[in-house]
Engineer: 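Before we start, here is the structure in question, set down as structure tokens.
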Amino acid sequence: MEVIDKKYTVENFFELELPDDATHYYELLNGLLVRRNAPSGEHQHVQSELLERFFAFVASKKLGKIYSSPTAVVLSDNDVPQPDIIFLKKENLAKFDPTWGIKGAPDLIVEIISPSSYRNDRVVKKELYQKYGVKEYWLVDSNYKSIEIFLLKENTYQLHAFGIEDEKITSIVLEGFELELKDIFLK
């Protein structure tokens, strides 16, 4: 992960001309352009397993929409992360913009930690999501085969659930959604 030491705004960010064959993707965090490598195969596997379960649950209950990276989430003029998985409740679907991606805080965000994104996911993005009002934030760590779920309570994230290996976790935002971790991670 590389941070480009020049301040950008959301307009500069969306005007960037990138080659079609670029092997990186970019996020805007606190006005800084952050270049990230393409995710590993393991990251993609975990994301696919999570997406499959999220899509099935959300569709069966008609709760809203699930989006995946690289969908931009415009939180402010200086903050445009691209979370791995995003959920918008049905009543918040107006936040989806066909040009910009999502404008405003989604209801739930999932970040799958990569070795190069550890600090950004655990600290920088967590602070941004808390500041802008993302109700539920999941941190997925393939190395430890664990998932942490944070809930926004009184403008501060509090740990709601921590699951590891063969445990089960539940969501509050996706009421009734349970996830067995053994089904998510590579064996």
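Keep in mind that the numbers below use all heavy atoms, side chains included, and drop hydrogens, waters and symmetry copies. It should be emphasised that the depicted structure is a prediction, and the values quoted were computed from it without experimental measurement. Numbering of residues begins at 1 and proceeds along the displayed sequence.
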Engineer: Is the shortest heavy-atom distance from the side chain of Val110 to the side chain of Phe87 under 4.5 Å?
Structural biologist: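 Heavy-atom side-chain distance check fails, nothing below 4.5 Å.
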Engineer: Using a 6.0 Å cut-off, check whether atom NZ of Lys95 has over 12 heavy atoms from anything other than its own residue.
Structural biologist: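 Yes, NZ of Lys95 has more than 12 neighbouring heavy atoms, counting only those of other groups under 6.0 Å.
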Engineer: Taking side-chain hydrogen bond (donor to acceptor under 3.5 Å, both in side chains) as the test, write out the residues that go with Ser76, two or more places apart.
Structural biologist: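 With neighbours one apart ignored, the set is Asp79, Tyr132.
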Engineer: Kindly list each side-chain donor-acceptor pair under 3.5 angstrom involving residues 180-187, sequence neighbours excluded, with atom names and distances?
Structural biologist:
from   : atom 1 : to     : atom 2 : distance (Å)
Glu180 : OE1    : Lys182 : NZ     : 3.4
Lys187 : NZ     : Lys182 : O      : 2.4

Engineer: So, are Lys145 and Glu165 salt-bridged, with charged N and O less than 4.0 Å apart?
Structural biologist: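 No.
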Engineer: Might you work through the side chain to side chain donor-acceptor pair (under 3.5 Å) test for Asn12 and Thr9, ending with a clear yes or no?
Structural biologist: CA-CA 5 Å; Asn12 304 131; Thr9 65; 3.0 Å; yes
Engineer: Is any side-chain heavy atom of Leu152 closer than 4.5 Å to one of Val134?
Structural biologist: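 Contact flag for Val134/Leu152 side chains = no.
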Engineer: Flag the pair Arg122 and Glu148 as a salt bridge only when some basic side-chain nitrogen lies within less than 4.0 angstrom of an acidic carboxylate oxygen.
Structural biologist: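 Salt bridge flag = yes for Glu148 with Arg122.
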Engineer: Running the 4.5 Å side-chain criterion over Ile, Leu, Val, Met, Phe, Trp and Tyr, what cluster does Leu151 land in, apart from itself?
Structural biologist: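 Under the 4.5 Å side-chain rule, Leu151 groups with Ile172.
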Engineer: Can Ile85 be reached from Ile113 by stepping across I, L, V, M, F, W or Y side chains whose heavy atoms are under 4.5 Å apart?
Structural biologist: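 Not linked; separate clusters.
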Engineer: Which pairs of donor and acceptor atoms, one on a side chain in residues 50-62, lie under 3.5 Å apart (sequence neighbours left out)?
Structural biologist:
from  : atom 1 : to    : atom 2 : distance (Å)
Arg53 : NH1    : Glu49 : O      : 2.9
Arg53 : NH1    : Glu49 : OE1    : 2.7
Arg53 : NH2    : Glu49 : OE1    : 3.4
Ser60 : OG     : Ala56 : O      : 3.2
Ser60 : OG     : Phe57 : O      : 2.9

Engineer: Partners of Asp121 by salt bridge (charged side-chain N to carboxylate O under 4.0 Å, His left out), sequence neighbours excluded?
Structural biologist: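 Partners of Asp121 under the salt bridge (charged side-chain N to carboxylate O under 4.0 Å, His left out) test: Lys125.
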Engineer: Just jot down the side-chain contact (heavy atoms from CB on, under 4.5 Å) partners of Glu167, sequence neighbours excluded, or say none.
Structural biologist: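 Ile164.
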Engineer: Any side-chain heavy-atom pair from Phe150 and Tyr129 closer than 4.5 angstrom?
Structural biologist: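 SC-SC contact between Phe150 and Tyr129 ruled out.
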Engineer: Holding to side-chain hydrogen bond (donor to acceptor under 3.5 Å, both in side chains), I want the full list of residues that pass it with Glu136, two or more places apart in sequence or in another chain.
Structural biologist: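 Checked Glu136 against side-chain hydrogen bond (donor to acceptor under 3.5 Å, both in side chains); matches are Trp138, Ser171.
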Engineer: Testing the basics here: between Pro83 and Glu111, what is the closest heavy-atom pair and its distance to 0.1 Å?
Structural biologist: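 The pair with the smallest heavy-atom distance is CA-OE2, 3.3 Å.
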Engineer: What residues, two or more places apart in sequence or in another chain, satisfy salt bridge (charged side-chain N to carboxylate O under 4.0 Å, His left out) together with Lys135?
Structural biologist: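 So Lys135 forms a salt bridge (charged side-chain N to carboxylate O under 4.0 Å, His left out) with Asp107.
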Engineer: Listed by chain and number, what are the salt bridge (charged side-chain N to carboxylate O under 4.0 Å, His left out) partners of Asp141, not counting sequence neighbours?
Structural biologist: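 None.
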Engineer: Side-chain atoms of residues 96-103: list all donor-acceptor pairs with protein atoms under 3.5 Å, sequence neighbours left out, distances to 0.1 Å.
Structural biologist:
from  : atom 1 : to     : atom 2 : distance (Å)
Asp97 : OD1    : Thr99  : N      : 2.8
Asp97 : OD1    : Trp100 : N      : 2.8

Engineer: Ignoring hydrogens, what is the shortest heavy-atom contact between Pro81 and Leu29? Give both atom names and the distance.
Structural biologist: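 Shortest heavy-atom contact: CB-CD2, 4.0 Å.
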Engineer: What closest approach, in Å, do Asn155 and Gln130 show between heavy atoms, and which atom pair accounts for it?
Structural biologist: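 Closest approach of Asn155 to Gln130, heavy atoms only: O-CG, 3.5 Å.
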Engineer: Which heavy-atom pair separates Leu28 from Val10 by the least distance, and what is that distance?
Structural biologist: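 So the two residues come closest at CD2-N, 3.9 Å.
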Engineer: Donor-acceptor check, side chain of Glu27 to backbone of Gln82, threshold 3.5 angstrom: yes or no?
Structural biologist: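 Yes, the answer is positive, given that a donor and an acceptor are paired below the 3.5 Å cut-off.
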Engineer: Can you sort out the partners of Glu127 under side-chain contact (heavy atoms from CB on, under 4.5 Å), two or more places apart, ordered by chain and number?
Structural biologist: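 By the side-chain contact (heavy atoms from CB on, under 4.5 Å) rule, Glu127 matches Val123.
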Engineer: Heavy atoms, side chains only, cut-off 4.5 Å: are Tyr26 and Val34 in contact?
Structural biologist: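 A side-chain contact is absent here, since even the closest heavy-atom pair is not under 4.5 Å.
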Engineer: Would you please name every residue forming a salt bridge (charged side-chain N to carboxylate O under 4.0 Å, His left out) with Lys131, sequence neighbours left out?
Structural biologist: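 So Lys131 forms no salt bridge (charged side-chain N to carboxylate O under 4.0 Å, His left out) with any residue.
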Engineer: Can you confirm whether more than 12 heavy atoms, excluding those of Glu175, are under 6.0 Å from its CD atom?
Structural biologist: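 At most 12 heavy atoms, drawn from other residues, nucleotides or ligands, come within 6.0 Å of this atom.
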Engineer: Quick one, Asp84 and Ser68 - any side-chain contact, counting heavy atoms below 4.5 Å?
Structural biologist: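 Side chain of Asp84 against side chain of Ser68, heavy atoms only: no contact under 4.5 Å found.
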Engineer: Answer whether the closest heavy-atom distance between the side chains of Tyr8 and Leu32 falls below 4.5 Å.
Structural biologist: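 Counting from C-beta outward, Tyr8 and Leu32 never come under 4.5 Å.
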